[in-house]
Structure formats: structure tokens, C-alpha cells
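A short worksheet on the structure shown next.
Keep in mind that what you see is a predicted model, and the values were worked out from it rather than measured. Numbering of residues begins at 1 and proceeds along the displayed sequence.
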Amino acid sequence: MASITNHNLKLIWAPLHFDTKRSFLLLLSGIMYAVFYVTSVYTLSELINRISDKSIYESHRLLFSYLFLQACMFFLTNIQTYFEKGIESLSFVKIKDELTLKKLRMKYSLNDDPDVLDLFNLVGDYDKQVVSYIHALVFFITLFFQIIFVLILLSFFSIKTAIFLALFSICIIFLVVKGGSATYIANKKVQPLERKKDKIASVMTDFSYAEERLTYSFSSFFSARFNTLSKETRKLKNKALSTWFRKAQYGGISFIILLVIISFFLMTALKTGEISFGLFSSLFICFIQLSELMSWNLSDNVDTFIKALKITKDYQTIMGFTEETDKTNVAITNEHNISTIKFENVSFTYPYRKNAPSILSNVNLSLEPGKYYSIVGKNGCGKSTITKILLGLYDNYSGKILFYGNELNKYPTDFIASKICVVYQDFANYFIPIKDFIQLGTKTTLIDTEIIDIFSKIGIDFSDKKYPLGLQTPLGNIIENGTNISGGEWQKLCLARAILSNKEIIILDEPTSAIDPISESKVLDTFLSLCKGKTIIQITHRLNTVIDSDSIIVIKNGTIIEQGSHDYLYNLHGYYYDMFNTQKKWYQQIDGGNFHEE
């Protein structure tokens, strides 16, 4: 029980740590506000009594005291707003930094978990939730001490009324708190729908989809889907709003009933002379103000508090995500001499997909240094998974992989990245100067003439008309003086970057998919000649590009079913033979392992 209590206390305190000093001052100001408030109630009662008695001197003194107390309360309210803005500013910076670092450091496999994506969406405005949380906490502290002080004041005149008020207040708070997490639960249910909405919205508005939007006229289709999802999210949110409205009404109605009963007690006490007219008036005004606080305001703040507390728990869950293990102390036995890469009985299943079949099953593979390998197979057979494991992105595989003399998952990702360069099919378009784009992933500073020479060899048109600022020309037309290039040109730039990286191992994932078939052969031949002596691993569906491979690895349902040279596999008349013949009609006819024009 103690551990649960400690955990809850830590959770309650967690949002305050972003700015402990201001948070403490805010909580202290809440207590001070309650003191000023109750003092002003009593001062007002005395002021009314003195005015009734026509005591002019005392009336002026009490009036000045009352106005001073009101000014102090107004000043405290402004101070609280100032502190809240400061906390919001500081927490925004800290939270964004922490979330950014967590995204950079957390295991790559977590990106496959939709629940993780939903959590990141939930905590997207956590800085605002922190401020709302502290605001609600100050409200509770202020209200608590207001009620306590009013009860103490009331107990001097009528203990029964004070006890009744205390019990009824507890009932009201219980009713309000009972449904406090409704909004949060609704928001959590809405997240998968919001994620789909965001994706559809990007398709409808993003520039990269502009051509297909016009060509296929799919705007109405996606608009209908967007509207359907919007209706579903509105239903969930309206349901939560209805719950909140009901509990707020319960609190308000309950307190109105309480106000009527207390008014009766106060009127009785006034008639019997137990309390003065001034105290009756000030307490009556006080209870009217409290009735508003105990209904709508209390309900709203309880809802905010619980929602922020649950999001804090989500935030702590994210901060607790497994990060890439620090492997900097691993002894690298032969860092500069690449040896054969060996997969021994390697199997892999996505950890966050329930009842998912194995993507790889008992893969045994040897990749010798300096050779050219091609991995082929149907979509979803596990080709890209092999390369992702080799890159250290997935380390939750079973089996063993030897890399530079050690088990692969013992190496830090920085070391793996220093040895392997990747050309992805779905590469990222960085809208930065060309030289910066080429420099990405390469630690040594590249010389301009060296870059331009590779551009010329790989077939990149580096004319002044297209690149007016030379290597400083920004990629993409969203920046002034930028150049908009085709998908094929982007792929050529990525190939040039891989050549200039000068790394021992190069992975090509459909590297020429956006290049026309005639240019494709020339570009690939040039690339291979410039990367002679390096280990090349190509993933492709275009089998005309694999003929010159030293070894072709054929995968089906996560298992290697065939492996060998093109001639060897073709003469087997097996799975590769069928795949190759299916594509052969699109290009040329085969004769002794070489292509001829028809």
C-alpha cells in the first residue's frame, strides 16, 4: 500500500518538476488567496454592521481594509497568471527537448507499435497540460482552504450548520470526481481515428500529392472518409462532454439545495440573534460564490486535473521506453578489416503485432567482403527486414549474426552506421543545399570537385540553369532559388552520396525504381564500377539488374529457398526461373546469361 501511495505522490508531483520554484510559489499563492478571501468575508460582515450602526469612523477603516484585501486578491490573480506563463514557456522547451531526445534514442522497433504513436500524439500538448494541471491544483488548494476557513468561521456561531456544510461538500466533490476521467478516456479512444484523419488530411493538402489529386480526382473520396472519421471523433467527444455536463449539473444542483438549506439555518440564526445582519449577508454572498466554484469550476478543474495526471503517466511511460543500449565499451576486434557477415538460424517477428507470423525463419546466410549480392522475392517476404537487422534497427531477432568478428547486436549503432551506407527506395527529401545533402552520413568533409566529378559519372545534369548556385543550390522549390528535381534525379543524388561516403558495405533498396530502364542499366553499371571492392547488397524486384550479381538470394515467406549466380539459378528452373521469365518479356530475351536485343 505504501508503494502505491508513493507512486501516486510521485505522479502528482511530476508535472511540477519542470519549474519547481514557480510551482511552489503558485501553490503558496493559492493558500494566501484563501486567507485574504475569508478575511474579506469577515471584514465585509463587520463593515455592514458598522454601517447599520452608523459608526462612520469604523466604517471608513473597514472599507479601506476590505478594498485592500480585494486589491491583494486581484494582485495574486495576476501574479498567478504571470507564473503560469513562465511555467508554460519553460515546460514547452524542456518537454520538446525530452520528447525529441527520446525519439532519437528509443529502439527503432517501437516505431512499428501503433500504441506508441498514439501515446506521442496524446502528449503532443503536454506543456499546456502541465500549466492546466498546476492551475487546477492551485484551484483545489484555494477552494479547500476557503471551505475550511468558512467552516471555522461558521462553527463559532453554528456548529451544526458547519458540520452539515462539510458533509454535503464531500458528497458534491465525490460526485464531480467520479466521472473525471471521461474526457481523457474519450481522447485516448479518439487517437487512432485522429491519426487516420491526419494522414488523410496530408493526402488532401500536401504538395507531394498534388499531381495525383488532380490526375485521379480523388479529393471527394478522401473528403468523404475524412468526414466519416470526423463524425466518429465528434461522437466520442460529445459523449465525454455530456458526461462532464451531467456531473457539473449534479454539483451545481446539489450546492443550490445546500445553499437553500444553509440560508434557512442562517436566517434562523439571524432571527434568534446568534449572528449579526452583516455576518448573515457576507456568508450568504460567500456561499453564492462557492456554489459557482463547486459546480462548473470544480467539475472543469477536476476533469483537467485527472486528464493531465493521466497524460503525465503516459509521458512517463514514453520516458521509460527502451533506448538503444549503450555499447560503447564493446571491444571491436578487427574494426578496419571487414570479414564475412554470417546469419546463423536468424528468425524475426514484429514484437508489437499480435498473432503476427514470423517475417524471417531460420535464415542462414554468408556475405563475403567485396562481393555483389542481390536479394529478390515477392513483397513482404522479408527482404528489407534482413537489411534492417543488419543495420542494427532491429535487435530482437533470434539466432546469431557475426559482423566484424563480433555478434552484431553488441555493437553501437554509430559503429554500424560508420561501416554501412544505405540507399533507400523511400528516401527522405531534405530541402537543404545539395552539398549538405551529399554530406549527410559522411564524417569527412567532401571537396566540391570530387562531388561534381561523381555527379558527371553517375549521369546527374549539373548545369547552371538547373543549379544556379552550384552545390549551394537548395533542393526543392519551397526555398528561394531552390530547384525542383525528378524522382530519378533524387535517386541519382542518393547513389552519388553512397559512393562518396566511401563505406565498406552499401545496401541498395530498389535504388533505381524511379529511373527509366535505359538509363537504369548505365547508372547501375557505373555505380558498381565506382564501388568496386566494396560489399554491395541490393534488394530489388527488377531482375534485369541482378544478372551480374556474384550471388542472388531468393526469399519466399521469410526463408531462403534458392541461392547462387544468375546462370545457376536460371538453369535450376525453379522459383527464380519463373520470376525471371515473367519479367523477361518486358525487356529482352535471355541467351546464355546475357541480354540481346530482339
Side-chain angles (χ1 to χ4, degrees), residues 2-40 68-105 119-120 122-149 173 177 180-181 183-184 293 297-321 323:
S3 61
I4 296 173
T5 305
N6 290 336
H7 174 73
N8 290 338
L9 288 174
K10 286 180 181 178
L11 193 63
I12 290 170
W13 177 254
L16 308 181
H17 86 275
F18 292 107
D19 194 341
T20 307
K21 184 179 178 180
R22 286 196 183 100
S23 299
F24 175 75
L25 291 173
L26 266 173
L27 299 180
L28 185 61
S29 70
I31 299 173
M32 291 174 63
Y33 187 94
V35 172
F36 287 140
Y37 177 80
V38 176
T39 307
S40 69
F68 174 75
L69 290 168
Q70 292 295 316
C72 288
M73 291 162 63
F74 176 77
F75 177 74
L76 273 177
T77 303
N78 288 332
I79 288 292
Q80 288 174 349
T81 302
Y82 173 76
F83 283 161
E84 286 175 1
K85 292 293 182 183
I87 292 171
E88 182 176 5
S89 178
L90 189 60
S91 62
F92 173 81
V93 174
K94 287 187 176 181
I95 289 167
K96 294 303 177 188
D97 285 349
E98 287 181 0
L99 286 174
T100 301
L101 286 173
K102 178 54 69 172
K103 286 180 180 179
L104 286 171
R105 294 171 178 170
L119 278 179
F120 272 102
L122 273 171
V123 302
D125 63 343
Y126 184 49
D127 55 303
K128 291 183 175 59
Q129 295 297 330
V130 166
V131 176
S132 299
Y133 173 88
I134 295 172
H135 179 84
L137 198 57
V138 172
F139 172 85
F140 297 146
I141 289 173
T142 305
L143 182 62
F144 173 77
F145 281 101
Q146 279 179 312
I147 293 173
I148 291 296
F149 293 150
I173 292 170
V177 172
S181 59
T183 304
Y184 168 80
L293 292 175
N297 286 352
L298 178 61
S299 180
D300 193 29
N301 279 281
V302 165
D303 205 53
T304 299
F305 183 83
I306 293 176
K307 178 184 176 184
L309 206 59
K310 288 183 179 292
I311 291 178
T312 296
K313 194 173 182 179
D314 292 334
Y315 186 82
Q316 290 181 336
T317 300
I318 289 174
M319 290 299 107
F321 281 159
E323 297 185 0

Practice item. Apply the test side chain to side chain contact (heavy atoms under 4.5 Å, CB included) to residues L309 and K313: give CA-CA distance (whole Å), side-chain angles for both, the deciding distance (0.1 Å), then the verdict. Key: CA-CA 6 Å; L309 206 59; K313 194 173 182 179; over 6 Å; no
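With sequence neighbours excluded, no residue forms a ring-ring contact (aromatic ring centres under 6.0 Å, His included) with Y37. Partners of Y133 by ring-ring contact (aromatic ring centres under 6.0 Å, His included), not counting sequence neighbours, listed by chain and number: F305. Listed by chain and number, the residues in a side-chain hydrogen bond (donor to acceptor under 3.5 Å, both in side chains) with Y126 are T312 (sequence neighbours excluded). In this view, F120 satisfies the ring-ring contact (aromatic ring centres under 6.0 Å, His included) rule with no residue, not counting sequence neighbours.
Atom-to-atom distance recorded for Y315:OH and I311:CD1 is 12.5 Å, nearest 0.5 angstrom. Rounded to the nearest 0.5 angstrom, L25 CG and M32 CE are separated by 10.0 Å. Here K103 contributes atom NZ and T100 contributes atom OG1; the two are 6.5 Å apart, rounded to the nearest 0.5 Å. Here the straight-line distance linking atom OG1 of T304 with atom NZ of K128 works out to 14.5 Å at 0.5 Å rounding.
Remark: F92 CZ is loosely packed, at most 12 non-hydrogen atoms of other residues, nucleotides or ligands lying under 6.0 Å away.
When side chains are defined from C-beta on, L27 counts as touching V138, because their heavy atoms get closer than 4.5 Å. Between F18 and I87, every side-chain heavy-atom pair lies at or beyond the 4.5 Å cut-off.
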List the atom pairs, donor and acceptor, that lie under 3.5 Å between side-chain atoms in residues 71-83 and the rest of the protein, sequence neighbours left out.
| from | atom 1 | to | atom 2 | distance (Å) |
| --- | --- | --- | --- | --- |
| T77 | OG1 | M73 | O | 2.9 |
| Q80 | NE2 | S29 | OG | 3.0 |
| T81 | OG1 | T77 | O | 3.1 |

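Sorted by first and then second residue, the salt bridge (charged side-chain N to carboxylate O under 4.0 Å, His left out) pairs with a member in residues 19-29 read D19-R22; sequence neighbours excluded. Applying the salt bridge (charged side-chain N to carboxylate O under 4.0 Å, His left out) definition to pairs two or more places apart or across chains, none involves residues 76-98.
Considering all non-hydrogen atoms of both residues, Q146 and Y33 come closest at NE2-CE2, 4.1 Å. Taking each heavy atom of S23 and L16 in turn, the nearest pair found is OG-O, 3.4 Å. Considering all non-hydrogen atoms of both residues, A136 and N301 come closest at CA-OD1, 3.3 Å.
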